[in-house]
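Structure first, commentary second.
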Amino acid sequence: MRKRLLILAGVLLATGCLAGCQQKDPEPGEVAGYDEGEEYLSIWVHSIEDTEEGQAYRESVESFNEAYDGQYFADIEFVPRNDSGGGYSDKVNASVMAGGLPDVLTVDGPNISAYAANGIIQPLAELTEEERNEYLPSIIEQGTVDDELYALGVMESSVGLYYNKDILEGAGIEVPEADDPWTWSEFMDILEELKPLMDEKDGYPLDMTFPVGETSIYYFAPFVWSGGGELISEDGLTADGYFNSEQTLEAMQYFRSIVENGYMSEAPIDHLFESGRAAFKFDGAWEVNTVYTSYPDIDLGVAPYVVNDNWDGGTYTPTGSWAFAASSETENIEGATEFVKWMSGVESGIRIWEMAKSFPSTYGAFENIDVFQTDENYNALYKQLSTYGHPRPKTPVYPQVSTSFQEVLESVALGGKDASSELDKAVERINAKLERYTRE
């Protein structure tokens with residue numbers, strides 16, 4: 001049977017992974033640094049070794065080996081993704097069938113539930129309350145499935161509502177505090193107020209697009225969450241009544257109104273905000289560095305993410321990035337957990353910021369990086385993450401939920417199709433994927 005699975009994995013993935021999918025189990029001395037009496041821990045990461053991110057992982061592994069010399073030895077393998085997102089995931093999938101998963105592997109945050117449901121990863125050993133409290137709440141929430149902690153991220157991410165200070169000040173518009181964000185109605189009024197001014201600049205009040213892929217749900221699911229909605233049930237197994245809820249419907253219709261009123265361009269315009277022809281822009285945290293380094297004439301600010309008029313003060317802003325988890329094949333869950341904690345901890349978080357400019361995941365890392373204390377824009381993004389961060393839907397069929405969200409958003413906001421019927425059709429597609437998990 002095992003031989004048949006090996007053949008099947010090779011046919012399905014058409015990769016050269018079969019020979020490489022056997023888990024390394026070296027003897028002491030066969031790997032440089034691995035000595036007698038140490039427990040061997042293998043790890044796969046999704047990046048290229050000679051990138052800043054890859055080097056940060058390499059240095060974190062080396063520092064782990066120094067700290068645990070004589071007890072554990074960690075051995076890192078780089079399995080980069082290709083342009084289509086495969087490569088790394090192909091090897092993981094083949095190893096699930098053929099055997100040979102490492103002790104620890106990286107998992108993209110939204111996929112943690114799917115990896116748990118499909119037996120690729122297992123719960124970590126118990127963390128103390130003090131250890132859990134080192135991490136931002138969004139990291140613990142992202143890594144928890146069915147009340148068990150499966151993964152810890154070394155990095156976190158968010159999206160900002162950026163604004164051009166000169167444009168808003170010229171229009172007499174004041175930006176609210178983080179705990180009193182603009183409501184949809186208020187923001188729509190502001191966009192209307194800014195439209196004549198931005199028409200004179202051959203621009204738009206808002207630089208916003210509905211891109212294909214993961215970006216859509218990452219940027220715009222908050223419009224559902226701020227109204228009290230969710231895209232999937234708490235157990236991740238029910239879409240009807242959630243994905244097609246009144247809150248989701250309202251969000252889709254709101255986006256359509258923005259397009260219909262001409263507050264944004266239906267076709268993407270390169271560098272619209274950065275050229276001073278848009279007052280606002282939704283974009284990832286990397287936009288701060290982009291503006292600082294390439295568009296220094298733009299006086300940049302970060303406004304609170306806008307909220308549904310019925311927002312109750314709950315979490316709603318974007319989060320999520322790569323995390324570390326113990327594979328289902330590791331026989332040393334205590335050692336694997338120690339390794340996961342190290343790779344996601346304060347020292348590693350500071351390193352991932354300094355080398356790759358990815359936001360860390362722990363309070364301690366943020367507090368020890370000066371820019372998050374001294375720069376108002378980075379500080380605003382950190383406070384947004386730590387106070388209002390909301391992970392993306394946790395479900396074994398997350399890819400279908402993400403794809404469906406993007407498709408509905410495009411068809412309704414840009415295509416003008418009926419939001420209710422588009423959401424119902426999306427639920428049917430999601431249910432088709434959920435069937436294998438809900439079948440009695």
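Throughout, residue positions are numbered sequentially from 1 according to the sequence presented. Basis for what follows: all heavy atoms, side chains included, without hydrogens, waters or symmetry-related copies.
Atom CD in Glu287 sits 7.0 Å away from atom CG in Leu300 (nearest 0.5 Å). Glu410 contributes atom CD, which lies 6.0 Å from atom CG of Leu414 (distance to the nearest 0.5 angstrom). Rounding to the nearest 0.5 Å places CD1 of Ile121 at 9.0 Å from OG of Ser328.
Listed here is the closest heavy atom pair of Leu161 and Pro304: CD2-O, 3.6 Å. Looking at every heavy atom in both residues, Ile352 comes nearest to Val154 through CG2-O, 4.0 Å. The minimum heavy-atom distance linking Ala426 with Phe243 is given by the pair CB-CE2, 3.6 Å. The two residues Asn164 and Ala278 have their closest heavy-atom pair at CB-O, 4.2 Å. The shortest non-hydrogen separation linking Leu194 to Ala279 is CD1-CB, 3.7 Å.
With a 6.0 Å radius and a threshold of 12 heavy atoms from other residues, nucleotides or ligands, Glu334 has its CD atom at or below the threshold. Within 6.0 Å of atom CD in Glu331, 12 or fewer heavy atoms from other residues, nucleotides or ligands are found, so the atom counts as exposed in its surroundings. The 12-atom threshold is not exceeded at CD1 of Ile48, counting heavy atoms of other residues, nucleotides or ligands nearer than 6.0 Å. Atom CG of Asp299 sits in a crowded spot, with more than 12 heavy atoms from other residues, nucleotides or ligands closer than 6.0 Å.
For Glu214, the side-chain hydrogen bond (donor to acceptor under 3.5 Å, both in side chains) partners are Arg392, Tyr398, Ser402, not counting sequence neighbours. Partners of Tyr218 under the side-chain hydrogen bond (donor to acceptor under 3.5 Å, both in side chains) rule, at least two apart in sequence or in another chain, are Ser157. When the salt bridge (charged side-chain N to carboxylate O under 4.0 Å, His left out) test is applied to Arg256, the partners found at least two apart in sequence or on another chain are Glu260. Not counting sequence neighbours, Thr395 has no partner by the side-chain hydrogen bond (donor to acceptor under 3.5 Å, both in side chains) test.
Ring geometry for Phe64 against Tyr72 counts as parallel: the plane angle stays under 30°, on a 0 to 90° scale with 60° as the upper cut. Note on ring orientation: taking the six-membered ring where Trp is involved, the planes of Tyr163 and Phe280 are tilted (angle from 30° to 60°). Using cut-offs of 30° and 60° on the angle between ring planes, the pair Phe282 and Phe223 is perpendicular. Ring planes of Phe359 and Trp353: perpendicular class, angle over 60° (limits at 30 and 60°).
At a cut-off of 3.5 Å, with distance as the only test, no side-chain donor of Thr128 or Glu130 sits close to an acceptor on the other residue. Looking only at atom types and distance, the side chain of Tyr162 has no donor-acceptor partner in the side chain of Asp283 under 3.5 Å away. In the model, Thr319 has no side-chain atom that pairs as donor or acceptor with a side-chain atom of Ser138 under 3.5 Å. In summary, the side chains of Thr248 and Ser245 do present a donor paired with an acceptor at a separation below 3.5 Å, with no hydrogens or angles considered. A donor-acceptor contact closer than 3.5 angstrom links the side chains of Asp103 and Ser42. Under the 3.5 Å distance criterion, with hydrogens and angles disregarded, no donor-acceptor pair is assigned to the side chains of Glu407 and Thr403. Judged by distance alone, the side chains of Asp375 and Asn379 never bring a donor and an acceptor atom under 3.5 Å apart. If you check the side chains of Ser344 and Tyr135, you find a donor sitting under 3.5 Å from an acceptor. Between Asn118 and Tyr437, the side chains place a donor N or O and an acceptor N or O closer than 3.5 Å (distance only, hydrogens not considered). No hydrogens or angles considered: a donor-acceptor pair under 3.5 Å links the side chains of Tyr263 and Glu192.
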For this session: Test side chain to side chain donor-acceptor pair (under 3.5 Å) on Tyr88 and Thr106 and set out the steps.
Result: CA-CA 10 Å; Tyr88 180 78; Thr106 53; 3.0 Å; yes
For this session: Check step by step if side-chain contact (heavy atoms from CB on, under 4.5 Å) holds for Phe405 and Met252.
Result: CA-CA 10 Å; Phe405 187 92; Met252 296 298 172; 3.7 Å; yes
For this session: Please report the C-alpha distance between Tyr292 and Asn377 in whole Å, then the side-chain angles of each, then the deciding distance to 0.1 Å, and finally whether the side chain to side chain donor-acceptor pair (under 3.5 Å) criterion is met.
Result: CA-CA 11 Å; Tyr292 285 174; Asn377 293 320; 2.9 Å; yes
Exercise. Would Ser294 and Glu274 count as a side chain to side chain donor-acceptor pair (under 3.5 Å) if you check the C-alpha gap in whole Å, the side-chain angles of each, and the deciding distance to 0.1 Å?
Worked result: CA-CA 9 Å; Ser294 301; Glu274 293 81 4; over 6 Å; no
What pairs of donor and acceptor atoms, side-chain ones from residues 167-180 against any protein atom, are under 3.5 angstrom apart with sequence neighbours left out?
none

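Residue Tyr204 forms a side-chain contact (heavy atoms from CB on, under 4.5 Å) with just one option from Ile258, Ile269, Leu191, and that option is Ile269.
Taking the six-membered ring for Trp and the full ring otherwise, Trp311 and Tyr388 have centroids separated by under 6.0 Å.
Judged as a salt bridge (Lys or Arg N to Asp or Glu O under 4.0 Å), the pairs with a partner in residues 51-73 (not counting sequence neighbours) are, in order, Glu49-Arg58, Glu59-Arg351.
By the 4.5 Å heavy-atom criterion applied to side chains, Pro211 and Ser216 are counted as neighbours.
Between Lys341 and Glu338 there is a salt bridge, since at least one side-chain N of the basic residue sits less than 4.0 Å from a carboxylate O of the acidic one.
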